[in-house]
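One-based numbering, in listed order, for ligands and for the atoms of each. Note that the structure is a prediction, hence the values are computed from the model and not measured.
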Amino acid sequence: MRHDSELDTDALIIGAGPTGLTLGIALLLQGKRVRVIDKHLEGLPYSRAILINGETMRSLEPLGVCASLRAAGQPVDGIELHVDGAAPCTLHGATGASGGPLLLPQVLTEQILCERYLQLGGALHRGYRFELPEGSCDGSAGAVDLLPIDASQPVLAVQYLWLFGCDGMDSAVRSALGLTWRGRSQREPGHAIDARLRQWTGRTNVALHASAAGFALILRIAPLTVRIAGTTAAQCHQVLRQLPVEAITWESSFNIQFRSADCYGKGQTWLAGDATHVHSPIGGRGLNMGMADALALAEAVARQDIDAYVAQRKPVAARWVRINYGMSRVLMGSALWSQLLRWALRFCVRLLLAGGGERLLQPLFVRIIRVNETQA
Ligand SMILES: Cc1cc2nc3c(=O)[nH]c(=O)nc-3n(C[C@H](O)[C@H](O)[C@H](O)COP(=O)(O)OP(=O)(O)OC[C@H]3O[C@@H](n4cnc5c(N)ncnc54)[C@H](O)[C@@H]3O)c2cc1C
């Protein structure tokens, strides 16, 4: 294989997803030389995450990306509840001290991060993959050959002081380090649809439809684009039929896993983001936790105290994977107890609404948003 002359860097980041790009920007701002590589020639054309919470926005402020993110996103200005066909109820006022959560397709988040990363002088090599045999990496600083996706291109040989695996749930860096990836899968898949509308008719940027058949959320991710996310394809399509749809732009069922890495790395090689934890999209935390990992990791590198990174982030991830598993069983599980609990929840909401309980639900909604914001 043909080799390019060896490239030198302080930090080699595998993965140009939200975690890798956030880490790249934070390290560049410390004056480090950074190279990010990604096996895809372009960012993925579809969006997985669509929510950035207020706490994440606050912590991204020093990176110089927040104005662009806010300009591109839609605020979570409230939620419209449709429960068992009862008259809908609108709850407002989700914006907390941090400016509140923002609905923004991951494609755009990555684009904005990438522009900032390149503007700061970061090197980006697309179309190269990191691949080493399982357990063959001892974590020390060194050199690695990155393989081109297009065989006519030269191998990229990179010498690094730090290697960071931000390469998602099937992390090749985690595998090269030989780390254990523990957890379980959910039997019930989730379903999501993105659709372009002819016009916007909603009262708030989020709506929840819940019935005995399951639930579906409508999330306005651009002025005339919605994401419908729900328990089944049928449930999502039923909600979609009530909207002035121009075209479905993306649709997918996805399997849900709850996993975390036992160890976050060793020596000069560390993992962050989905490479260390995955869970269901309920709560919209995956991307937020990846960005928080990246910022904590960059700070730990600056302070030369990597133990602080693990001590800070690992318990947060373990706790959220546990809570998220419970939430997913309740909201999506097919077991009888899950169905009964969902029925009881809907019954309580209906009772509250019948008794003019919007006044009670309103502060509860604001509180849920605030608690979610402080946990990333
Ligand atoms: C349907 C769905 C909805 C979601 N909704 C939300 C939400 O609303 N809010 C939220 O916070 N999170 C959400 N998530 C989770 C979120 O998408 C992920 O947590 C997030 O993408 C993780 O970012 P990451 O950078 O760690 O990994 P990824 O986004 O997976 O990026 C990893 C990158 O590494 C590259 N890569 C992988 N292996 C290699 C290799 N060997 N060599 C080179 N490059 C490699 C990949 O090409 C990719 O670009 C959702 C997920 C799904 C599936």
Side-chain angles (χ1 to χ4, degrees), residues 12-24 35-53 55-57 73 76 101-107 109-110 113-114 124-132 137 144-149 156 158 163-176 186 189-194 206 217 219 221 227-230 236 250-257 259 261 271-294 297 313 317 320-321 324 372-373 375-376:
L12 174 60
I13 299 175
I14 313 300
T19 306
L21 291 168
T22 303
L23 178 60
R35 288 186 187 278
V36 172
I37 71 137
D38 199 288
K39 63 184 177 184
H40 288 117
L41 287 169
E42 290 177 1
L44 294 179
Y46 57 87
S47 287
R48 290 174 290 160
I50 40 106
L51 186 95
I52 304 185
N53 70 36
E55 181 65 22
T56 304
M57 289 296 284
V76 175
L102 197 66
L103 294 163
L104 182 63
Q106 186 166 335
V107 169
T109 304
E110 288 180 13
L113 291 172
C114 193
L124 176 62
H125 307 273
R126 286 201 170 273
Y128 283 92
R129 74 176 191 279
F130 173 93
E131 190 181 302
L132 286 179
C137 175
V144 65
D145 281 352
L146 301 166
L147 309 174
I149 301 304
L156 208 61
V158 181
L163 173 65
F164 297 116
C166 304
D167 49 346
M169 64 178 288
D170 298 318
S171 172
V173 179
R174 189 182 65 231
S175 155
Q186 177 171 293
H191 197 82
I193 301 173
D194 285 357
V206 180
L217 271 169
L219 303 133
I221 56 174
R227 157 76 50 92
I228 317 278
C236 290
W250 174 76
E251 176 162 8
S252 173
S253 277
F254 50 91
N255 292 318
I256 296 171
Q257 301 199 33
R259 294 186 193 278
L271 306 171
D274 275 19
T276 55
H277 43 70
V278 288
H279 44 77
S280 95
I282 289 174
R285 290 267 190 88
L287 172 141
N288 290 279
M289 295 215 321
M291 286 175 153
D293 286 351
L297 183 53
R313 297 305 303 163
W320 177 247
V321 172
N324 179 267
N372 198 44
E373 286 199 353
Q375 304 286 315

Give the residue and atom name of whichever protein heavy atom lies nearest to atom 42 (N) of ligand 1, and the separation in Å to one decimal. Phe130 N, 3.0 Å
For ligand 1, find out whether one of its N or O atoms is nearer than 3.5 Å to an N or O atom of Gly273. no
Side chains of Met291 and Thr109: does their closest heavy-atom pair fall under 4.5 Å? yes
Can you find an N/O atom of Ile14 closer than 3.5 Å to an N/O atom of ligand 1? no
Using heavy-atom distances only, which candidate in Asp167, Leu44, Val278 approaches atom 38 (N) of ligand 1 most closely? Asp167
Numbering the atoms of ligand 1 from 1, which are under 4.0 Å from a heavy atom of Cys166? 32 (C), 33 (C), 34 (O)
With side-chain hydrogen bond (donor to acceptor under 3.5 Å, both in side chains) as the criterion, how do His279 and Gln257 come out once you've worked through the C-alpha distance, each side chain's angles and the decisive distance to 0.1 Å? CA-CA 5 Å; His279 44 77; Gln257 301 199 33; over 6 Å; no
For Gly15, the atoms of ligand 1 under 4.0 Å from one of its heavy atoms are 33 (C), 34 (O), 35 (C)
Give the residue and atom name of whichever protein heavy atom lies nearest to atom 27 (O) of ligand 1, and the separation in Å to one decimal. Gly168 CA, 3.8 Å
Regarding atom 11 (O) of ligand 1: of the candidates Leu219, Leu41, Leu287, which has the closest heavy atom? Leu287
Short N or O distance, Thr19 and ligand 1, threshold 3.5 Å exclusive: yes
Note the single closest protein heavy atom to atom 14 (N) of ligand 1, along with its residue, its atom name and the distance in Å. Ala49 CB, 3.8 Å
Could you list the atoms of ligand 1 found under 4.0 angstrom from a heavy atom of Arg129? 42 (N), 43 (C)
Identify, for atom 29 (O) of ligand 1, the protein heavy atom at the shortest distance, and state residue, atom and that distance. Arg48 NH2, 2.5 Å
Answer whether the closest heavy-atom distance between the side chains of Leu104 and Ile50 falls below 4.5 Å. no
Leu287 and Leu51: which non-hydrogen atoms are nearest, and at how many Å? CD2-O, 4.1 Å
Do Val76 and Leu102 touch side chain to side chain, with heavy atoms closer than 4.5 Å? no
Ala192: heavy atom below 4.0 Å from ligand 1, yes or no? no
Could you check if a side-chain atom of Phe130 sits within less than 4.5 angstrom of a side-chain atom of Leu12, using non-hydrogen atoms only? no
Starting from atom 18 (C) of ligand 1, what is the nearest protein heavy atom, named by residue and atom, and what distance separates them? Asp274 OD2, 3.3 Å
Shortest non-hydrogen contact from Gly230 toward Cys236: N-SG, 3.5 Å
I'd like to check whether Pro281 has a polar contact with ligand 1, where a contact means an N/O of the residue lying under 3.5 Å from an N/O of the ligand. no
State if Gly290 counts as touching ligand 1 under the rule of any non-hydrogen atom under 4.0 Å. no
Answer yes if the side chains of His277 and Asp293 hold a donor-acceptor pair under 3.5 Å, and no otherwise. yes
Do Leu271 and Ser171 touch side chain to side chain, with heavy atoms closer than 4.5 Å? yes
How far apart are the closest heavy atoms of Arg174 and Gly168, and which atoms are they? NH1-O, 4.2 Å
Can you name the closest pair of heavy atoms from Arg227 and Ala192 and give their distance? CD-CB, 3.9 Å
Distance-only N or O hit between ligand 1 and Phe254, under 3.5 Å: no
For atom 44 (N) of ligand 1, which protein heavy atom lies nearest, and how many Å away is it? Lys39 N, 3.1 Å
Show which atoms of ligand 1 fall inside a sub-4.0 Å distance from at least one heavy-atom site of Ala172. 41 (N)
Give me the residue, atom name and distance of the protein heavy atom closest to atom 8 (O) of ligand 1. Ile50 N, 3.1 Å
Is there a heavy atom in Glu131 that sits closer than 4.0 Å to ligand 1? no
Can you check whether Asn288 has an N/O within less than 3.5 Å of an N/O in ligand 1? yes
Do me a favour and list the nearest non-hydrogen protein atom to atom 31 (O) of ligand 1 with residue, atom name and distance? Gly17 CA, 3.7 Å
Just so I know, are the side chains of Cys166 and Leu23 near enough to count as touching, which here means a heavy-atom distance under 4.5 Å? yes
Atoms of ligand 1 close to Gly286 [distance to a heavy atom under 4.0 angstrom, numbered from 1]: 10 (C), 11 (O), 12 (N), 15 (C), 19 (O)
Please tell me whether Arg35 and His125 have a donor and an acceptor in their side chains that are separated by less than 3.5 angstrom. yes
Is there side-chain contact between Tyr128 and Asp38, with at least one heavy-atom pair below 4.5 Å? no
Ligand 1 atoms in contact with Tyr128 (distance to a heavy atom under 4.0 Å): 43 (C)
Would you say the side chain of Asn288 lies within less than 4.5 Å of the side chain of Ile52, judging by non-hydrogen atoms? yes
